[in-house]
Colleague: 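Structure incoming, see below.
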Number of protein chains: 2
Amino acid sequence: MPSSVQSVADRAGVSVSTVSRALRGVPGIAESTRKRVQEAAEELGYVASLSASRLATGRTHTVAVVVPLLSKWFFAEVIAAAGRVLSRAGYDVLLTELSTPELRNAFFAAPRLQGRSDGALVLALQLTAEELAALEAQGQAVALVGSERAGASSVCVEDRAGGRAATRHLINLGHERIAFLGIQEAPGSTLGGVPPAERLLGYRDALADAGISPDPGLEFGVGNTVDAGSAAMATALTMAEPPTAVVAASDELAFGALATLRGAGLQVPGDFSVVGYDNHELAGSVGLTTMDHGVAEQGRLAAEALIATLDGAPAAVERLQPNLVVRGSTAPPRRLRAVSP
Amino acid sequence: MPSSVQSVADRAGVSVSTVSRALRGVPGIAESTRKRVQEAAEELGYVASLSASRLATGRTHTVAVVVPLLSKWFFAEVIAAAGRVLSRAGYDVLLTELSTPELRNAFFAAPRLQGRSDGALVLALQLTAEELAALEAQGQAVALVGSERAGASSVCVEDRAGGRAATRHLINLGHERIAFLGIQEAPGSTLGGVPPAERLLGYRDALADAGISPDPGLEFGVGNTVDAGSAAMATALTMAEPPTAVVAASDELAFGALATLRGAGLQVPGDFSVVGYDNHELAGSVGLTTMDHGVAEQGRLAAEALIATLDGAPAAVERLQPNLVVRGSTAPPRRLRAVSP
DNA sequence: CTGAAAGCGCTTACAG
DNA sequence: CTGAAAGCGCTTACAG
């Protein structure tokens, strides 16, 4: 039976208005009064009713985090980082997983955030204009990670530059037949083409830079899973003229590729090089060379952007530069090493 | 500007009480009236104010999920599974990460869930009696995963049997010098000794079953990270009489062990066998033999238990049996294979 | 089956 | 600096 403002007012010998003001730190209250009220509240173990103050103010102090798939490391990491920023700022975080097209449609069809949160942090889902408008119509401030929309704050990664850097690394090592393992979600996937095709474009850029003519047969587009990476790698190995290296659009795909290579008895990086994308928590343990794109940083920045928006700041977009992390999965192709001293 | 009950009442030509009852499906309303009200609501795009109904009813239809560390696969997976059950049942999920002792203490010191949620799903944190009492004093129904407390619903795994089965598998293969990589969190860690020492006890059981005398030097207790597993494995390899196999208390530790073994030029399972614990999403891709303990299942069952409690059911505890998943990281020790045909 | 009225527990102009 | 009062938008006995 939580006590109410009234009980505190009685005990402190003041009105409820004074209690309300004193406890929230509103200025214009005698220090002595404030002290008295605080003591009374303390003694009664009083804590203001959330529902009541939300009803009275219209603000929920809650942020909804909307994510395609909670169990992917990338998303969990972003949410964790964002959550720390949000809760330190006094916001509750409401979790919404939109793992299927049905859930996604249902979510946007009804005003599901109305009165539930003040803002939404949307990860990866490439919102349609209608979806974004729906959120705003529900009074939500919105911040995006992994996509950009006019009028909304967002943080994204220079993925084209990232794909280019990853590929250039292999080219510098002497590779010329380089495959690309890209992410291509099934139609209707809530992931909506994330991470973006930008990484593929960067791969092509690097080839062009080096005067290597692109081979469409080396470009794979699969679901973003270890197994899919595995399967694509297997296919690549059966080509008439197989590649000597691969750049994967995610570390998960790279893990799959590594599994296939190992299964085929090939040495990495001796016989084959692979570079991933993410700097996944486990990339280090398998010695994977990969692109780090500041995953936690993305969450942190997005949360800060959302809070700024809630505080009235105009929308802003933040762009992160990915960095190559060289580990043990890349080396010159065997052909070259054979002739070296 | 969301419309109110009043506006719907006006449009439908009834009282607000009738609107409230009609829209919530309360029995005792003429079907024709209900229909009329629903149409009016539809036309106005009306949706009841959450704060108002929460204030009026005292129920939030929200569940707090309390977790030590969001970015660990195990937790993310449990939350995802629990979240699906909860949201299908009409509950919002509020995320609370207690990643440091400070956050944990602050969380339990103040009535942080009061009026925020109807129940709490607590993962892995081994709640003290006071912490559990604090939650209940805040009117929370509680369900636990990974620990057991009198009066609270919970789902746990038969970890002792699991540790035993993992170890027995190696013994059956012919191993006798078997190390154990256990989880021992730093004092003050919010993880509070999870997964439980039960796994270690099971390991000892299996040795005893086989008449193998235990060697305390083979029992390692480290933080639950890939790097710690790596380091412990390195130490084990420098022993005067090194083990030929290891059972790790988590797949993360096992991944670390694998990395060290590979780095040392040892073949797995040729030169060394390892079995993990979790059946981590990536265990398959590295061919890790491991104990599956139904991670998603734990989340699902705990969510169902919590909902049942919220519906007035008595506390219940569910016990899951872990299963050995044999993959490619275990084989007879070399000594034995050398003499086989 | 329906309505008038009180109540849930805050916050916030408005006066003083 | 403080208080009386209205208002936030629902739900729920209580009557009829």
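Every chain is numbered from 1 and lettered A, B, ... according to where its sequence line falls, protein lines coming before strand lines.
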Colleague: Between A:R34 and A:E31 (salt bridge meaning N to carboxylate O under 4.0 Å), is one present in this structure?
Modeller: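 Yes.
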Colleague: Between A:K35 and A:E42 (salt bridge meaning N to carboxylate O under 4.0 Å), is one present in this structure?
Modeller: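 Here A:K35 does not pair with A:E42 in a salt bridge, since their nearest N and O are not under 4.0 Å apart.
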Colleague: Whole angstrom is fine here: how far is it from CZ in A:R59 over to C1' in D:dC8?
Modeller: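 It works out to 16 Å between those atoms.
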Colleague: Using a cut-off of 4.0 Å on non-hydrogen atoms, how would the nucleic acid contact of B:S51 be classed: base, sugar-phosphate, or nothing?
Modeller: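 The residue B:S51 makes no contact with any strand.
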Colleague: Does the C:dG3 base have a donor-acceptor partner in the side chain of B:R21 within less than 3.5 Å?
Modeller: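 Indeed, a donor on one side and an acceptor on the other fall under 3.5 Å apart.
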Colleague: Nearest to the side chain of B:S17, heavy atoms from C-beta on, is which of D:dC10, C:dC10, D:dT12?
Modeller: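 Shortest atom-to-atom distance from the side chain points to D:dT12.
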Colleague: Rounded to whole Å, how long is the line connecting atom CZ of A:R36 with atom C1' of D:dT2?
Modeller: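 My rounded result for the distance is 11 Å.
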Colleague: Should the pair B:R54-B:D92 be classified as a salt bridge under the 4.0 Å nitrogen-to-oxygen rule?
Modeller: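 A salt bridge is present here (some side-chain N lies under 4.0 Å from a carboxylate O).
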Colleague: Tell me the interatomic distance from B:Q6, atom CD, to D:dT11, atom C1', rounded to whole angstroms.
Modeller: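 Distance, rounded to whole Å: 14 Å.
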Colleague: Please give, in whole Å, the distance from C:dC10 P to B:R116 CZ?
Modeller: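 Rounding to the nearest Å, CZ of B:R116 and P of C:dC10 are 13 Å apart.
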Colleague: Quick one: label B:S49 by what it contacts on the DNA or RNA (base, sugar-phosphate, nothing), any heavy atom closer than 4.0 Å.
Modeller: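 Sugar-phosphate contact only - B:S49 comes under 4.0 Å of backbone atoms but never of a base.
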Colleague: Tell me the partner of C:dC1, counting only Watson-Crick (N1-N3 plus N6-O4 or O6-N4) or G-U wobble (N1-O2 and O6-N3) with both under 3.5 Å; none if nothing fits.
Modeller: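 The base-pairing partner of C:dC1, which may sit in any strand shown, is D:dG16.
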Colleague: What is the separation between atom NZ on B:K35 and atom P on C:dT2, rounded to the nearest whole Å?
Modeller: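 Roughly 14 Å, once rounded to whole Å.
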Colleague: Go nucleotide by nucleotide along DNA chain C from the 5' end; which of B:A56 and B:E31 gets its closest nucleotide reached first?
Modeller: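 The residue mapped nearer the 5' terminus is B:E31.
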Colleague: I'd like to know if B:E148 and B:R319 make a salt bridge, using a cut-off of under 4.0 Å between side-chain N and carboxylate O.
Modeller: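 Salt bridge flag = yes for B:R319 with B:E148.
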Colleague: In whole angstrom, give the distance that lies between atom OH of B:Y46 and atom P of D:dG9.
Modeller: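 Between P of D:dG9 and OH of B:Y46: 10 Å.
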Colleague: Using a cut-off of strictly less than 4.0 Å, decide whether B:R24 has a side-chain nitrogen or oxygen near OP1 or OP2 of D:dT12.
Modeller: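 Yes, because at least one side-chain N or O of B:R24 sits under 4.0 Å from OP1 or OP2 of D:dT12.
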Colleague: Of the listed nucleotides (C:dC10, C:dG9, C:dC1), which one gets closest to any side-chain atom of B:L55?
Modeller: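 Nearest listed nucleotide: C:dG9.
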Colleague: By nearest nucleotide on DNA chain D, pick out whichever of B:S20 and A:A30 is the more 5' one.
Modeller: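 Looking at the nearest nucleotide for each, A:A30 comes out on the 5' side.
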Colleague: In whole Å, what is the span from the CZ atom of B:R34 to the P atom of C:dC1?
Modeller: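 Computing the B:R34:CZ to C:dC1:P distance gives 9 Å.
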Colleague: Just to confirm, is there a sub-4.0 Å distance from OP1 or OP2 of C:dG3 to any side-chain nitrogen or oxygen of B:S15?
Modeller: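 Checking B:S15 against C:dG3: at least one side-chain N or O falls below 4.0 Å of OP1 or OP2.
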Colleague: Quick one: A:L23 CG to C:dC10 P, roughly how many Å, whole number?
Modeller: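 These atoms are roughly 10 Å apart.
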Colleague: Does OP1 or OP2 of D:dT2 have a side-chain N or O of A:T18 closer than 4.0 Å?
Modeller: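 For D:dT2, neither OP1 nor OP2 has a side-chain N or O of A:T18 closer than 4.0 Å.
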Colleague: Check for a donor-acceptor pair, side chain of B:Q140 on one end and backbone N or O of B:L113 on the other, with a separation under 3.5 Å.
Modeller: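 Yes; judged by distance alone, with no hydrogens or angles, the pair exists.
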